[in-house]
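Here, residue 1 is the first one in the sequence, and each next residue gets the next number.
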Amino acid sequence: MSASSAERLARLQGKIIDFRLRPPTGPYRNFFTPTVVGSVNRILGHSVPRSYTISTDPFPQAEERALRALIDEMDAVGVRLGVMNGRHSVNRPVPVHIEDADLAELTQRTDNRVLGIAGIDFDKPTEEIIAGLDTAMKEYGLVGVCMEPGLAREPMYADDERIFPIYEKIAELGVPLLFMTGPLAGPDISHTDPVRFDRVAKRHPTMPVILGHGCFPYVNEAIALAFKSEATGIHNVFVSPDVYAFAPGGQGYTQGINWLPNRFVYASAYSFCGVEESVHETLKLDIDDEALDAYMYRNAEALLRGMGA
């Protein structure tokens with residue numbers, strides 16, 4: 001028997017880890033424009049987060065006030081840590097570059113409440129990318145890597161051989177790798193086909209691979225990868241459905257969390273959903289209490305523990 005939402009929230013206070021939370025500041029604001037954020041929240045039936053709205057105010061210190069509001073929103077629902085991802089997306093209406101140094105600065109500005117994972121700029125030579133990963137982890141203190149091969153200048157699939165040396169470096173560093181998947185992860189949805197990530201994860205069985213946006217709309221296939229990891233140990237895949245848990249067909253993720261609680265990672269995908277709204281809506285899902293604890297913080301905690309987070 002599941003506890004009530006209020007009881008669950010009380011039990012989770014100060015424990016939740018949000019694995020995809022992009023603060024409404026600097027380069028994130030250049031990409032997550034009011035038009036984009038308003039449109040996605042409207043489609044998903046969410047309100048635009050108050051902290052994001054503050055960041056759009058045409059007044060001095062709007063960004064600092066927005067950051068303070070974001071932390072208040074995290075505190076209100078017991079989110080202990082957020083994880084923000086670097087990104088280098090050139091095949092978008094507005095190219096965006098969120099550098100590792102930006103992430104390190106934001107971690108300081110949020111008093112270590114929001115941690116960074118390095119983005120991969122495929123415009124750079126592979127040797128430079130690999131050297132940059134050492135800098136990101138060892139000098140900037142970032143806690144993982146985010147990759148978006150379908151959004152490179154020349155879109156690639158995750159199992160493209162040109163990326164293999166980068167995977168080898170990530171595996172050597174012993175950090176989690178977060179892929180951007182989902183319907184916006186490339187020029188067509190073939191770039192989110194889970195078979196691509198299956199192949200990558202199998203080549204590096206000890207490297208944690210997190211499927212951000214849950215490979216939506218390939219819900220069952222993503223769950224199958226989670227099952228494969230749990231049952232065979234030939235790779236180490238986690239599914240993070242975030243906002244797509246509330247999309248048509250997303251109820252499959254809820255079933256997956258109950259079935260394979262050790263293979264799912266919670267995220268709000270802020271600013272495509274508010275921090276508070278995401279937690280409250282998640283607690284309404286028909287998830288067993290033990291599975292919910294694993295989903296909301298235990299799995300992410302284990303992923304980050306090796307980085308001292």
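Cluster membership check: Y218 does not share its hydrophobic cluster with Y253, using side-chain heavy-atom separations under 4.5 Å among Ile, Leu, Val, Met, Phe, Trp and Tyr. Under the 4.5 Å side-chain heavy-atom criterion for ILVMFWY residues, a single connected hydrophobic cluster contains both W259 and L285. Clustering ILVMFWY residues whenever any of their side-chain heavy atoms sit less than 4.5 angstrom apart, transitively, puts L21 in the very cluster that holds V40. Under the 4.5 Å side-chain heavy-atom criterion for grouping Ile, Leu, Val, Met, Phe, Trp and Tyr, V195 is not connected to I223 through any hydrophobic cluster. In the hydrophobic cluster analysis, where Ile, Leu, Val, Met, Phe, Trp and Tyr join through side-chain heavy atoms closer than 4.5 angstrom, I189 is grouped apart from L151.
Just one of I287, L292, I210, I257 meets the side chain to side chain contact (heavy atoms under 4.5 Å, CB included) condition when paired with F264; it is I257. M207 pairs with exactly one of N236, V200, V237 by the side chain to side chain contact (heavy atoms under 4.5 Å, CB included) rule, that one being V200.
Between the side chains of Y28 and S55, no donor-acceptor pair of N or O atoms lies under 3.5 Å. Between the side chains of Y157 and S190, at least one donor-acceptor pair of N or O atoms lies under 3.5 Å. Remark: the S229 side chain and the H235 side chain contain an N/O donor-acceptor pair separated by less than 3.5 Å.
Between E290 and R298, some side-chain heavy-atom pair lies under the 4.5 Å cut-off. Put simply, the side chain of R22 reaches to within 4.5 Å of the side chain of R87, judged on heavy atoms. L106 places none of its side-chain heavy atoms less than 4.5 Å from the side chain of V114. Counting heavy atoms from C-beta outward, L304 and F19 have side chains that approach closer than 4.5 Å. Side-chain contact between M296 and K15 is absent, with no heavy-atom pair separated by less than 4.5 Å. With contacts defined as side-chain heavy-atom distances shorter than 4.5 Å, the pair P241/F216 does not qualify.
Of the possible donor and acceptor atoms, one in the side chain of N258 sits under 3.5 Å from a partner among the backbone N and O of D286. A donor-acceptor pair is defined here as one N or O able to donate and one able to accept, closer than 3.5 Å; such a pair exists between the side chain of Y52 and the backbone of F32. Judged by distance alone, with hydrogens and angles left aside, the side-chain atoms of T107 form a donor-acceptor pair with the main-chain N or O of L103 at under 3.5 Å. No donor-acceptor pair under 3.5 Å is formed between the side chain of D100 and the backbone N or O of L133. Looking only at distances, no side-chain donor or acceptor of S51 sits under 3.5 Å from a matching main-chain atom of A69. Looking only at distances, no side-chain donor or acceptor of D198 sits under 3.5 Å from a matching main-chain atom of P194. In this structure, the side chain of T181 engages the main chain of C215 through a donor-acceptor pair within 3.5 Å. Under a 3.5 Å cut-off, the side chain of S278 and the backbone N or O of V275 do not form any donor-acceptor pair.
Across all their heavy atoms, H191 and P155 have their closest contact at CE1-CB, 4.1 Å. Closest approach of M147 and F122 over heavy atoms only: CG-CZ, 3.6 Å. Minimum heavy-atom separation, S47 to N41: O-OD1, 3.4 Å. Closest non-hydrogen pair, D242 versus S268, comes out as CB-C, 4.3 Å. In this structure, G144 and M137 approach most closely via the heavy-atom pair O-CE, 3.1 Å. For L70 against P24, the heavy-atom pair with the smallest separation is CD2-CD, 4.0 Å.
Residues E281 and K284 are paired through a salt bridge, judged by an N-O separation under 4.0 Å between the basic side chain and the carboxylate. Residues R11 and E7 are not paired through a salt bridge, judged by the lack of any N-O separation under 4.0 Å between the basic side chain and the carboxylate.
L178 CG to L211 CG: the interatomic distance, rounded to the nearest 0.5 Å, is 8.5 Å. Distance CD1/I166 to CD1/I130: 6.0 Å, rounded to 0.5 Å. With values rounded to the nearest 0.5 angstrom, I117 atom CD1 is found 9.0 Å from L142 atom CG. One finds the CG atom of N85 at 6.5 Å from the CD1 atom of I98 (value rounded to the nearest 0.5 Å). Here the NE2-CZ distance, from H213 to F272, works out to 7.0 Å after rounding to the nearest 0.5 Å. R109 CZ to T25 OG1: the interatomic distance, rounded to the nearest 0.5 Å, is 5.5 Å.
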Quiz item: Under the side-chain contact (heavy atoms from CB on, under 4.5 Å) criterion, do V143 and V175 qualify, and how do the steps go?
Solution: CA-CA 7 Å; V143 295; V175 299; over 6 Å; no
Practice problem: Verify side-chain contact (heavy atoms from CB on, under 4.5 Å) between L12 and V279, making sure each step is shown before the conclusion. | Solution: CA-CA 10 Å; L12 292 168; V279 170; over 6 Å; no
Practice problem: Begin from the C-alpha positions of K169 and D134 and carry the test salt bridge (Lys or Arg N to Asp or Glu O under 4.0 Å) through to its verdict. | Solution: CA-CA 9 Å; K169 181 62 180 181; D134 272 323; 2.9 Å; yes
Exercise. Apply side-chain contact (heavy atoms from CB on, under 4.5 Å) to E73 and Y270, showing your working.
Key: CA-CA 11 Å; E73 290 167 8; Y270 178 100; 4.2 Å; yes
Quiz item: How far apart are the C-alpha atoms of R113 and D75, what are their side-chain angles, what is the distance that settles it, and do they pass the salt bridge (Lys or Arg N to Asp or Glu O under 4.0 Å) test?
Solution: CA-CA 10 Å; R113 292 292 298 279; D75 289 341; 2.9 Å; yes
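Using a 30° and 60° split on the angle between ring planes, F164 and Y167 fall in the tilted class, from 30° to 60°. Under the 30°/60° scheme for interplanar angles, the aromatic rings of Y266 and Y295 are found to stand perpendicular.
Annotation: salt bridge (Lys or Arg N to Asp or Glu O under 4.0 Å) contacts involving residues 46-62, sequence neighbours excluded, comprise D57-R65. For residues 259-279, the salt bridge (Lys or Arg N to Asp or Glu O under 4.0 Å) pairs, not counting sequence neighbours, are E230-R263.
I43 shares a hydrophobic cluster with no other residue; no ILVMFWY side chain has heavy atoms under 4.5 Å from its own.
Within a 6.0 Å sphere centred on CZ of F246, other residues, nucleotides and ligands contribute more than 12 heavy atoms.
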